[in-house]
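Accompanying notes for the structure given below.
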Amino acid sequence: MRERVLGTLTIGQAPRRDVIPIIDRHVPAAVRRIHRGVLDGLSRAEIDARYRAEPGEAALITRLLDGTSLNLSRRRMQDGVRHALAALEAEGCDVILLLCTGSFDGLECHKAWLIEPDHIIPGLVAGLVERRQLGVIVPIEGQIESESDKWLGLALPPLFAAASPYADATEVLVTAGAALKARGAAAILLDCIGFTERHRDALSGLGLPVILSNAVVAKAVGELFGF
């Protein structure tokens, strides 16, 4: 039987040691992994020159191998993601998981199954919450507006708060979650791949369902590999 291959693509630098353990729990060990990042091998100066978000521009946040985080231009990152997807497909990946919940237009693979979180999570969450009020925690304030279109399928417009899984203390996240609950949220979605079980556990005292984006897409990938 031919070896099956999963590729993961972060908009930052690979490997994403914070996210890989979640993927590994849901994908068979026999599946070979190839982890790549759009920013692999680039210096901070090169990253800033190619992808830095300008003031007022739609931005995405990611993490570098040294643990620092930075905001990137969603518009300029689009081409970087396309090139990296093509390279992963050329390496023989059967499935490629994009490790970003941000929205990109027109991404595609010729043979590999491309898993884009923003194509999976909004519909699944809409089906889960139905007419209940959803609270969404985004990693940067600007995404409340720039990523709002993906939530148009919800019965009720979501409530938003911002807290970074990279730069903010846990107390900031807990305060954001408590504020959403006080405003009427019946469930909370952590809308960034960088949120992990540690962040979900920090919100457990709210007594609300907390949906972890990377766990949702990891389970979907596991289904494609029959796990």
Side-chain angles (χ1 to χ4, degrees), residues 8-27 35 37 59-72 97-103 115-118 120-122 124-126 128-129 132-148 150-151 154 158-222:
T8 70
L9 177 62
T10 173
I11 62 170
Q13 292 175 334
R16 285 293 303 268
R17 295 185 178 89
D18 51 340
V19 178
I20 288 174
I22 297 172
I23 295 170
D24 287 345
R25 277 195 287 279
H26 299 287
V27 177
H35 303 296
L60 303 168
I61 189 170
T62 192
R63 188 178 196 174
L64 303 181
L65 285 177
D66 64 6
T68 59
S69 61
L70 71 164
N71 293 350
L72 305 171
L97 171 60
L98 181 61
L99 297 180
C100 179
T101 61
S103 303
I115 307 301
E116 296 181 66
D118 78 296
I120 294 174
I121 294 169
L124 182 143
V125 171
L128 287 174
V129 302
R132 295 178 178 86
Q133 181 65 64
L134 178 67
V136 178
I137 297 181
V138 294
I140 50 178
E141 193 81 25
Q143 288 187 356
I144 294 174
E145 180 178 353
S146 66
E147 298 291 321
S148 61
K150 68 184 181 183
W151 303 113
L154 292 174
L159 304 172
F160 290 100
S164 171
Y166 310 121
D168 290 334
T170 302
E171 291 75 17
V172 176
L173 175 67
V174 173
T175 298
L180 289 174
K181 181 178 181 179
R183 292 167 61 195
I188 292 175
L189 172 72
L190 298 178
D191 190 30
C192 178
I193 287 293
F195 287 117
T196 65
E197 283 101 338
R198 174 175 67 85
H199 300 100
R200 181 164 58 186
D201 291 345
L203 296 175
S204 61
L206 297 178
L208 301 179
V210 178
I211 303 166
L212 194 59
S213 291
N214 51 32
V216 170
V217 294
K219 291 172 184 176
V221 170

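All figures in this text were calculated on a predicted structure; none of them were measured in a lab.
With sequence neighbours excluded, the residues satisfying side chain to side chain contact (heavy atoms under 4.5 Å, CB included) with Ala218 are Ile22, Ile23, His26. Residues meeting the side chain to side chain contact (heavy atoms under 4.5 Å, CB included) test with Arg16, sequence neighbours left out: Thr10, Asp18, Val19, Thr62, Arg63, Leu99, Tyr166. Taking the side chain to side chain contact (heavy atoms under 4.5 Å, CB included) definition, one finds that Glu145 meets it with nothing, sequence neighbours left out. Applying the side chain to side chain donor-acceptor pair (under 3.5 Å) rule to Thr68 yields the partners Asp66; only residues at least two apart in sequence or on another chain are considered. Here His35 pairs with nothing under the ring-ring contact (aromatic ring centres under 6.0 Å, His included) rule; sequence neighbours left out. The side chain to side chain contact (heavy atoms under 4.5 Å, CB included) check on Pro122 picks up Lys150, Trp151, with sequence neighbours excluded. Partners of Glu197 according to the side chain to side chain donor-acceptor pair (under 3.5 Å) rule, which considers only residues two or more places apart in sequence or in another chain, are Arg25. Remark: Glu147 engages Arg74, Ser103 in a side chain to side chain donor-acceptor pair (under 3.5 Å) (not counting sequence neighbours).
Between atom OG of residue Ser164 and atom CG of residue Asn71 there is a gap of 8.5 Å, rounded to the nearest 0.5 Å.
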Check residues 172-183 and write down every donor-acceptor pair under 3.5 Å in which the side-chain atom is one partner and the other belongs to a residue at least two apart or another chain.
| from | atom 1 | to | atom 2 | distance (Å) |
| --- | --- | --- | --- | --- |
| Thr175 | OG1 | Glu171 | O | 2.9 |
| Lys181 | NZ | Leu206 | O | 2.5 |
| Arg183 | NH1 | Phe160 | O | 3.0 |

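Among pairs with a residue in residues 200-215, none fulfils side chain to side chain donor-acceptor pair (under 3.5 Å), at least two apart in sequence or across chains. Legend: ring pair (Phe, Tyr, Trp, His ring centres under 6.0 Å) pairs involving residues 170-201, not counting sequence neighbours, sorted by first then second residue: Phe195-His199.
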